[in-house]
Amino acid sequence: MRAAVVTAFDAPPRFSEFPDPVAHGADETVVEVLAAGLHPRVRSQADGSHYTSTDELPLVPGIDAVVRDPRGRIRYAVLDDTTLGTMAERTVIDLRRSVVLPSGIDPVRIAAAMNPAMSSWVALRRRVDFPRRQRVLVLGATGSAGRMAIQVAKRFGAKQVIAAGRDRALLAELDVDRAVTFDELAGAADVDVVVDYVWGEPAARAMVDLLTARKDRGAPLTWIQIGSVAGPTAPIPSAALRSARLSIVGSGIGSVPGRDFVAELPKLAAAVAKGDFDVRARAVALADVEQAWAEARKTRDRLVVVP
Ligand SMILES: NC(=O)c1ccc[n+]([C@@H]2O[C@H](COP(=O)([O-])OP(=O)(O)OC[C@H]3O[C@@H](n4cnc5c(N)ncnc54)[C@H](OP(=O)(O)O)[C@@H]3O)[C@@H](O)[C@H]2O)c1
């Protein structure tokens with residue numbers, strides 16, 4: 001079959017031949033791939049930098065997809081760590097890690113939205129207590145996951161959603177109560193939850209700015225670490241943890257068990273399929289995967305590879 005194939009971690013995948021997939025065990029099945037999102041996690045899988053990387057090559061990248069199963073049903077599926085990902089004509093899925101989608105859905109839209117939307121959906125459902133009427137700050141709000149986090153927080157009843165980012169023009173596009181740059185965070189200090197896609201130095205600075213500007217340092221602040229676009233480590237001063245009622249938690253595979261992710265899939269998939277989320281998606285042909293890798297760094301749309 002044809003697939004996007006990574007043969008070296010310092011080069012993008014190439015469109016080439018790859019052995020046909022074979023299913024093992026009762027829960028596995030070979031499916032036809034309809035659309036697979038080119039998420040940041042897929043880029044880090046393909047360049048070997050993700051924390052789950054096993055250094056095994058060659059590999060077909062792709063961590064999730066909208067697929068057609070042998071009975072003709074359309075499913076959204078999430079893959080385990082594997083060298084046969086979803087950027088191929090066919091792949092193998094574990095039926096238990098998939099959800100049947102309603103008929104008539106747009107595979108590209110679903111493939112673009114599920115991974116970024118799932119990040120905040122699972123974080124707010126499974127990693128923190130998130131009653132209604134909370135005030136939420138999204139750090140890194142202009143990316144795909146940040147834009148989804150704004151919508152997810154509102155859907156879950158947030159009283160106020162504040163977006164923080166580095167680009168004023170992009171921030172101005174967002175439908176939020178307030179938008180601030182990283183330098184203006186002191187004015188957005190009185191929130192209950194921070195959804196952080198940034199980490200690194202900017203998040204550490206943001207944390208200090210926020211904590212020192214809070215009206216009531218005894219009021220709980222939960223910082224949910226989800227992405228690390230600005231760096232894998234953040235130099236957090238010890239005083240930050242002592243001087244305010246701050247809790248830091250992470251949300252991702254591992255801190256949220258796989259079964260909990262799967263349990264959230266049907267409701268999120270139904271909401272995305274229904275059109276409840278504003279999704280910026282663009283299809284690219286599997287044959288053009290090499291160019292798509294370069295394009296993904298520049299575009300604001302989530303690229304979706306279509307075999
Ligand atoms: N844990 C999970 O479950 C989970 C799930 C999905 C995604 N993620 C992670 O979440 C992160 C964001 O994903 P995404 O899909 O939103 O990616 P994306 O669409 O590529 O967006 C990246 C965002 O990061 C910002 N950014 C990049 N470099 C920055 C820097 N040096 N300082 C400050 N901001 C910076 C960008 O700001 P500009 O708009 O100004 O460029 C943009 O808002 C990634 O690390 C991804 O792996 C985690």
Side-chain angles (χ1 to χ4, degrees), residues 37-47 49-53 61-64 78-79 111-128 137-152 163-174 176 179-185 194-207 209 223-234 248-258 260-262 264-265 268 272 277-282 292-304:
L38 208 178
H39 314 298
R41 166 78 176 79
V42 177
R43 292 210 298 274
S44 61
Q45 173 193 32
D47 68 18
S49 66
H50 195 260
Y51 63 85
T52 58
S53 176
I63 55 163
D64 66 349
V78 183
L79 265 54
M114 288 296 288
N115 169 271
M118 182 63 89
S119 67
S120 53
W121 182 291
V122 163
L124 296 178
R125 277 277 178 263
R126 300 279 170 166
R127 288 299 279 145
V128 296
L137 171 67
V138 180
L139 213 58
T142 51
S144 293
R147 284 169 189 266
M148 289 296 179
I150 292 166
Q151 301 175 68
V152 167
R166 57 184 180 175
D167 186 315
R168 248 179 233 289
L170 290 172
L171 285 168
E173 291 174 7
L174 304 174
V176 284
V180 293
T181 61
F182 288 104
D183 298 333
E184 298 163 344
L185 277 165
V194 176
V195 178
D196 176 12
Y197 292 102
V198 174
W199 207 235
E201 295 266 358
R205 267 199 314 276
M207 204 177 278
D209 288 353
W223 197 286
I224 320 179
Q225 204 301 303
I226 305 184
S228 47
V229 289
T233 55
I248 306 176
V249 298
S251 184
I253 295 279
S255 57
V256 179
D260 288 4
F261 267 97
V262 172
E264 295 297 337
L265 280 181
L268 174 58
V272 175
F277 292 100
D278 179 28
V279 181
R280 296 178 60 159
R282 179 146 56 93
W293 237 251
E295 176 67 13
R297 295 186 184 288
K298 301 179 222 149
T299 181
R300 292 278 148 200
D301 299 331
R302 178 54 41 94
L303 297 184
V304 176

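Order of listing sets the numbers, starting from 1, for every ligand and every atom in it.
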**Message:** Applying side-chain contact (heavy atoms from CB on, under 4.5 Å), can you list everything that pairs with D278, at least two apart in sequence or on another chain?
**Reply:**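 Expected list: Q151.
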**Message:** For V229, give me all partners under side-chain contact (heavy atoms from CB on, under 4.5 Å), at least two apart in sequence or on another chain.
**Reply:**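 Counting only residues at least two positions away or on another chain, V229 forms a side-chain contact (heavy atoms from CB on, under 4.5 Å) with V198.
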Please state which option from [options] has its nearest heavy atom closest to [atom].
atom: atom 8 (N) of ligand 1; options: I226, T299, V198; result: I226
atom: atom 41 (O) of ligand 1; options: E201, M148, R166, R147; result: R166
atom: atom 15 (O) of ligand 1; options: R297, R302, H39; result: R302

Any idea which atoms of ligand 1 are less than 4.0 Å away from a heavy-atom of [X]?
X: G252; result: 1 (N), 3 (O)
X: G140; result: 43 (O)
X: A230; result: 30 (C), 31 (N), 32 (N)
X: S251; result: 1 (N), 2 (C), 3 (O)

Could you identify the single nearest non-hydrogen protein atom to [atom] and state the distance to 0.1 Å?
atom: atom 7 (C) of ligand 1; result: N115 OD1, 4.1 Å
atom: atom 23 (C) of ligand 1; result: G143 CA, 4.0 Å
atom: atom 16 (O) of ligand 1; result: A145 N, 2.7 Å
atom: atom 9 (C) of ligand 1; result: G227 CA, 3.7 Å
atom: atom 37 (O) of ligand 1; result: T142 OG1, 3.4 Å
atom: atom 5 (C) of ligand 1; result: S119 CB, 3.2 Å
atom: atom 10 (O) of ligand 1; result: Y197 CD2, 3.3 Å
atom: atom 25 (C) of ligand 1; result: V229 CG2, 3.8 Å

**Item:** Heteroatom distance test (S144, ligand 1): nitrogen or oxygen, under 3.5 angstrom
**Value:**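 Between S144 and ligand 1 (N or O atoms, distance only) the closest approach is under 3.5 Å.
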**Asked** Quick one: does L170's side chain get under 4.5 Å of R147's, heavy atoms only?
**Response**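 Sidechains of R147 and L170: in contact.
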Return the minimal non-hydrogen interatomic distance between [X] and [Y], and the atom names on each side.
X: L174; Y: A163; result: CD1-CB, 3.7 Å
X: P61; Y: W293; result: CG-CH2, 4.0 Å
X: A112; Y: H39; result: O-CE1, 4.0 Å
X: V42; Y: G37; result: CG2-O, 3.6 Å
X: F182; Y: R166; result: CE1-N, 3.6 Å

Tell me which part of [X] gets within contact of ligand 1: side chain, backbone, both or neither, using heavy atoms under 4.0 Å.
X: P40; answer: side chain
X: L170; answer: side chain
X: S44; answer: neither
X: S228; answer: backbone

**Request:** With rounding to the nearest 0.5 Å, note down the distance linking OG in S251 to CZ in R126.
**Result:**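 Result: 11.0 Å between the selected atoms.
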**Prompt:** What's the spacing between T299 OG1 and R280 CZ if we round to 0.5 Å?
**Reply:**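 Between T299 OG1 and R280 CZ, I get 7.0 Å after rounding to 0.5 Å.
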**Prompt:** Looking only at heavy atoms of R300, does any of them come nearer than 4.0 Å to an atom of ligand 1?
**Reply:**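 R300 counts as a contact of ligand 1 under the 4.0 Å cut-off.
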**Request:** Please determine, by modelled atom types, if S49 and D47 share a side-chain donor-acceptor pair under 3.5 angstrom.
**Result:**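 Yes.
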**Item:** Name of the residue among I224, L124, I226, V195 meeting side-chain contact (heavy atoms from CB on, under 4.5 Å) with S119
**Value:**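 Running side-chain contact (heavy atoms from CB on, under 4.5 Å) over I224, L124, I226, V195 with S119 returns exactly one hit, I226.
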**Asked** Out of D196, I248, L185, L139, which residue meets the side-chain contact (heavy atoms from CB on, under 4.5 Å) rule with M207?
**Response**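 Result: among D196, I248, L185, L139, I248 is the only option passing the side-chain contact (heavy atoms from CB on, under 4.5 Å) with M207.
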